[in-house]
Amino acid sequence: MVFSSETFLFLFLPVFLGLYYLTPLRWRSATILLGSYVFYAWWRVDFLGLVILTTLWAFGMGRLIAAYRGTRLGQAALLIAVAGCLGVLGVFKYLNFFIDSFAALLGTDAAGLDIHWRLILPIGISFYVFQSISYLVDVSRGDAKSDANLIDFAAFIALFPQLIAGPILRYKDLEDQFRSREHSVELFCDGMARFVVGLAKKVLIADSLAPLADLAFATESPGLALAWLGAAAYMAQLYFDFSGYSSMAIGLGMMMGFRFVENFNMPYISRSITEFWRRWHISLSIWLRDYLYIPLGGNRVGSVRTYMNLMTVMTLGGLWHGAAWTFVLWGIWHGSILSIERATGFDRTARERAWSLPLCLMLVLIGWVMFRAETVGIAGQMYAGMLGLNGINPDPMIWFSVSGESIALLVVAFIIVALEPWMAARMVQPHPTLQGTSMTITQAPAQQALISAGLVVLCALTIMKLAEQSFSPFLYFQF
């Protein structure tokens with residue numbers, strides 16, 4: 001079940017919210033847990049067992065770690081607990097990749113090794129495993145309370161708004177909210193607004209750009225124009241798809257009184273890759289910083305080790321996105337640029353240089369080509385096309401597959417990106433109850449009425465678009 005489906009919008013969500021608000025306060029975590037399990041089981045019932053087992057493992061080991069915190073037994077328990085979580089991720093997400101890579105070294109394939117089975121990747125596994133690991137580490141550090149109620153903790157791990165594509169949440173940031181949180185008409189309406197905007201970004205823009213990106217990456221030896229159009233289309237598609245999902249997740253959380261962290265902050269206005277990673281997939285950047293980069297020594301261990309730490313973190317971050325060499329190379333690309341920016345001081349001076357914005361966008365675009373390509377060879381063909389090595393124009397028949405709607409929406413998408421700072425300054429302000437972690441529409445009466453009318457129109461257009469299009473999953477579901 002996806003947020004942009006009729007089943008979710010017109011069946012699951014209204015039924016869940018109705019039951020949630022009819023449930024007494026002390027039982028609402030149980031309602032969340034039940035609703036989240038139904039939401040996940042809608043995809044596959046059998047893999048719901050993996051979510052439950054991971055939850056019980058993290059909860060039980062968390063209690064053991066807390067009981068022996070500061071001792072060797074506590075450290076051993078932490079290592080075993082984290083290893084168990086990583087083992088689940090390693091088997092289901094990376095075993096096929098390791099087998100294929102090993103077979104390739106031997107000049108054969110998995111079938112040549114007499115391996116004829118393939119593991120299915122459980123949806124959302126990267127997110128709920130990372131959340132489990134952060135809980136275990138935080139309990140060991142004393143940053144998270146160890147007296148979590150099992151129902152509250154299970155509801156946190158399975159919380160359906162962010163279960164399958166983030167943002168990555170940390171129990172220490174939500175534990176107090178599970179005990180007591182705000183419910184108000186104002187917050188609920190703000191959540192609906194966030195959800196509608198996110199849904200429109202996904203359905204009206206991202207889905208309309210998908211055919212152009214898919215055509216370019218599926219074309220053998222794309223020409224100069226198609227390669228650049230396809231790369232730009234994917235750059236915009238991924239942003240509006242993933243940020244749209246994050247907006248919907250945050251909005252759904254607000255409808256239930258939760259305060260999730262923002263996951264995007266206008267990343268395409270960044271003037272360096274360092275700044276980009278402060279604005280893109282913020283919850284992942286924070287997770288990698290707090291649970292990988294800093295434990296490795298961060299930037300406190302000398303220049304060489306700092307660059308090695310950056311490369312390690314970004315390479316593993318790339319691998320986290322998917323079990324393929326394209327993701328590894330994408331991580332190395334970003335790790336290399338981060339290291340260069342730190343070594344040259346460009347990360348501190350980029351805002352003083354007028355050309356830093358187009359340079360940053362170009363570096364991001366080049367990386368997205370490798371991120372999107374199914375194989376390194378396909379990425380190479382796209383790069384060749386972008387360099388003009390495949391000619392200016394491809395087969396003229398290919399252009400008949402390019403819709404005018406896709407081209408127009410590509411222009412609109414980048415206009416929206418360019419106007420985001422202006423819109424943010426005039427249309428939103430920090431919500432006073434959310435401690436700066438979320439945004440809400442301003443309350444000036446005339447402006448509020450205009451924005452509300454715009455949201456109604458946006459919602460109507462989105463529903464009409466949904467009615468005519470085929471199923472389109474969120475891009476980050478595959479990660």
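Geometrically, Lys201 does not engage Tyr245 in a cation-pi contact, judged by NZ or CZ lying under 6.0 Å from the ring centre and within 45° of the ring axis. A cation-pi contact, defined as under 6.0 Å to the ring centre and within 45° of the axis, links Arg181 to Phe258.
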Go through Phe188 and Met192 one step at a time and tell me if the side-chain contact (heavy atoms from CB on, under 4.5 Å) criterion holds. CA-CA 6 Å; Phe188 187 91; Met192 287 185 63; 3.4 Å; yes
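Arg170 pairs in a salt bridge (Lys or Arg N to Asp or Glu O under 4.0 Å) with only one of the listed residues (Asp290, Asp143, Asp138), which is Asp290.
Among all heavy-atom pairs drawn from Thr55 and Ala154, the shortest one is CG2-CA, 3.6 Å.
In this structure, Leu169 and Phe127 have side chains that are not in contact, with every pair of non-hydrogen atoms separated by 4.5 Å or more. Within the 4.5 Å cutoff, side-chain heavy atoms of Trp368 are placed close to those of Val364. Between Arg69 and Leu64, every side-chain heavy-atom pair lies at or beyond the 4.5 Å cut-off. Counting heavy atoms from C-beta outward, Arg342 and Thr274 have side chains that stay 4.5 Å or more apart.
Note on ring orientation: taking the six-membered ring where Trp is involved, the planes of Tyr21 and His183 are perpendicular (angle over 60°, cut-offs 30° and 60°). Note on ring orientation: taking the six-membered ring where Trp is involved, the planes of Tyr234 and Phe371 are tilted (angle from 30° to 60°). Between Phe264 and His281, the angle of the ring planes stays under 30°, which puts this pair in the parallel group of the 30/60° scheme. Note: Tyr268 and Phe276 have parallel aromatic rings, judged against thresholds of 30 and 60 degrees for the angle between ring planes. Under the 30°/60° scheme for interplanar angles, the aromatic rings of Phe160 and Phe12 are found to stand perpendicular.
The neighbour count for Trp43 CH2, taken as heavy atoms of other residues, nucleotides or ligands under 6.0 Å away, is above 12.
Aromatic pair Tyr135/Phe153: ring centres closer than 6.0 Å. Between Trp320 and Phe327, the ring center distance fails the sub-6.0 Å criterion.
No donor-acceptor contact under 3.5 angstrom links the side chains of Ser132 and Thr54, judged on distance only.
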